[in-house]
Amino acid sequence: MPELPEVETVRRGLEPVLLGRRFVDGGAHPSAKFNAATSVIDRTVRSVDRRGKYLLIGLDDGRRLVVHLGMTGQFQVHEGEPAADPHVRAWWLLDDGRTLAFRDVRRFGRIAVIDQDLTGLPTLAALGPEPFDEGFTAEGLWRDVNRSTARVKTQLLGQRVVAGVGNIYADEALWRARVHPGSRRITKPAAGRLRRAIIDVLAEGIEHGGTTLRDYRTVEGGEGGNQHRLDCYGRSGLPCPRCGTTLRRSVIDGRGTTRCPTCQRR
DNA sequence: CGCAGCGCCTGAAGGC
DNA sequence: TGCCTTCAGGCGCTGC
């Protein structure tokens with residue numbers, strides 16, 4: 001499941017491929033989730049950015065091509081024509097002869113073209129602070145989490161208190177900060193630890209090229225390396241790396257969740 | 001306005 | 001072996 005580190009790794013792979021290139025042809029799955037892809041034909045790429053889990057490809061007419069990878073979305077670059085693949089939902093021929101393909105088996109991804117003000121995608125416009133920006137503070141995290149009655153993990157997944165965290169990095173950050181994922185309120189010290197943990201697990205995820213559990217691939221087609229460094233996510237039944245207690249899996253608001261029963265108390 | 005709940009998708013894994 | 005069921009989960013949408 002691509003989260004901020006995976007999307008950032010993809011962004012870094014796309015940038016050298018796309019910067020300055022013009023889309024000279026393209027095609028898309030007829031679904032409204034993908035068919036905007038063809039409206040960028042004849043446009044030139046001016047920037048390749050990321051906001052939360054969204055990729056923002058800036059165009060020479062001021063608009064942006066926005067791509068969300070969903071659960072199984074991946075980009076591939078081919079020299080010339082790509083091989084036939086029923087899971088490719090959109091493709092673009094570039095002016096250097098290469099082809100960029102967006103492949104998404106489960107079709108949870110989404111492609112849109114929006115104006116500069118981002119209002120074309122309300123969820124994007126409403127995202128919380130980028131975790132690496134100054135605007136993401138312990139004070140703000142404490143205030144926002146406690147303003148709602150929802151569980152802290154659910155709020156992290158909601159993209160409003162901070163952008164870019166998904167199920168893997170939520171479990172990792174909560175474990176590292178020793179915060180119970182089901183808590184509805186957190187103390188100021190806990191908010192401070194959680195902010196630090198979120199920033200660190202995401203930065204380490206980027207540093208190691210993202211977490212490949214099944215579908216996630218880099219633009220070059222490789223796997224990430226962060227799956228070998230997880231302390232908590234997906235490790236139910238194994239000992240907590242900090243205290244040795246057996247990690248336990250449960251379901252919180254419908255999301256599979258792993259935590260340490262000793263380190264992460266309410 | 002906030003939020004809970006459901007639906008979207010399909011391949012993999014588990015049960016019998 | 002093969003069929004069937006369950007699960008994974010980010011986010012859009014609906015309705016209270």
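By convention in this document, chain letters (A, B, ...) are assigned in the order of the sequence lines, proteins followed by strands, and residues within each chain are numbered from 1.
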Query raised in the report: For A:R110, which contact category applies under a 4.0 Å heavy-atom criterion: base, sugar-phosphate, or nothing?
Result: sugar-phosphate

Report task. Run the salt-bridge test on A:E207 and A:R229 with the 4.0 Å N-O cut-off and return the result as yes or no. Result -> no

Requested in this report: Could you tell me whether the side-chain ring of A:F108 sits stacked on the base of B:dC8, using a centroid cut-off under 5.5 Å and a plane angle under 30°?
Outcome: yes

Query raised in the report: For the residue pair A:F34 and A:H29, does the interplanar ring angle fall in the parallel (under 30°), tilted (30 to 60°) or perpendicular (over 60°) class?
Result: perpendicular

Query raised in the report: How many Å lie between NE2 on A:H68 and P on C:dG10, as a whole number?
Result: 9 Å

Query raised in the report: Hey, does A:Y233 reach any base, or is it just sugar-phosphate, or nothing, if we go heavy atoms under 4.0 Å?
Result: sugar-phosphate

Query raised in the report: Which nucleotide, B:dA13, B:dC9, C:dG10, lies nearest any side-chain atom of A:R106?
Result: B:dC9

Query raised in the report: Going by heavy atoms in the side chains, are A:W175 and A:V201 under 4.5 Å from each other?
Result: no

Query - Check: A:M71 and A:D215 side chains under 4.5 Å, non-hydrogen atoms - result: no

**Report entry** Whole angstrom value for the distance that separates C1' of C:dG10 from CZ of A:R214
**Finding:** 16 Å

Query - Donor-acceptor contact present, side-chain A:E172 to main-chain A:L230, <3.5 Å - result: no

Report task. Ignoring backbone atoms, test whether A:T149 places a side-chain nitrogen or oxygen under 4.0 Å from the OP1 or OP2 oxygen of B:dG2. Result -> no

Requested in this report: Would you mind telling me which of C:dG10, C:dC11, B:dG11 lies closest to the side-chain atoms of A:H87?
Outcome: B:dG11

Query raised in the report: Rounded to whole angstroms, how far apart are CE on A:M71 and P on B:dG11?
Result: 14 Å

Query raised in the report: What nucleotide among B:dT10, B:dC3, C:dG10 has an atom nearest to a side-chain atom of A:R107?
Result: B:dT10

Report task. Calculate the interatomic distance between A:L156 atom CG and C:dC11 atom P; express it in whole Å. Result -> 13 Å

Requested in this report: Using a 4.0 Å heavy-atom cut-off across all strands, classify A:Q159 as base, sugar-phosphate, or nothing.
Outcome: sugar-phosphate

Query - Value in whole Å for how far the P atom of B:dC1 lies from CZ of A:R147 - result: 14 Å

Report task. Tell me which of A:R89 and A:T154 sits closer to the 5' end of DNA chain B, going by the nucleotide each one is nearest to. Result -> A:T154

Report summary line: Rounded to whole Å, NZ of A:K33 lies from P of B:dC9 at a distance of 6 Å

Requested in this report: Ignoring backbone atoms, test whether A:S148 places a side-chain nitrogen or oxygen under 4.0 Å from the OP1 or OP2 oxygen of B:dC3.
Outcome: yes

Report task. Name the closest nucleotide to the A:R249 side chain, picking from C:dA8, C:dG10, B:dT10. Result -> C:dA8

Query - Spacing of A:D215 atom CG relative to B:dT10 atom C1', expressed in whole Å - result: 10 Å

Query raised in the report: Could you state the CZ-P distance from A:R160 to C:dC11, rounded to the nearest angstrom?
Result: 13 Å

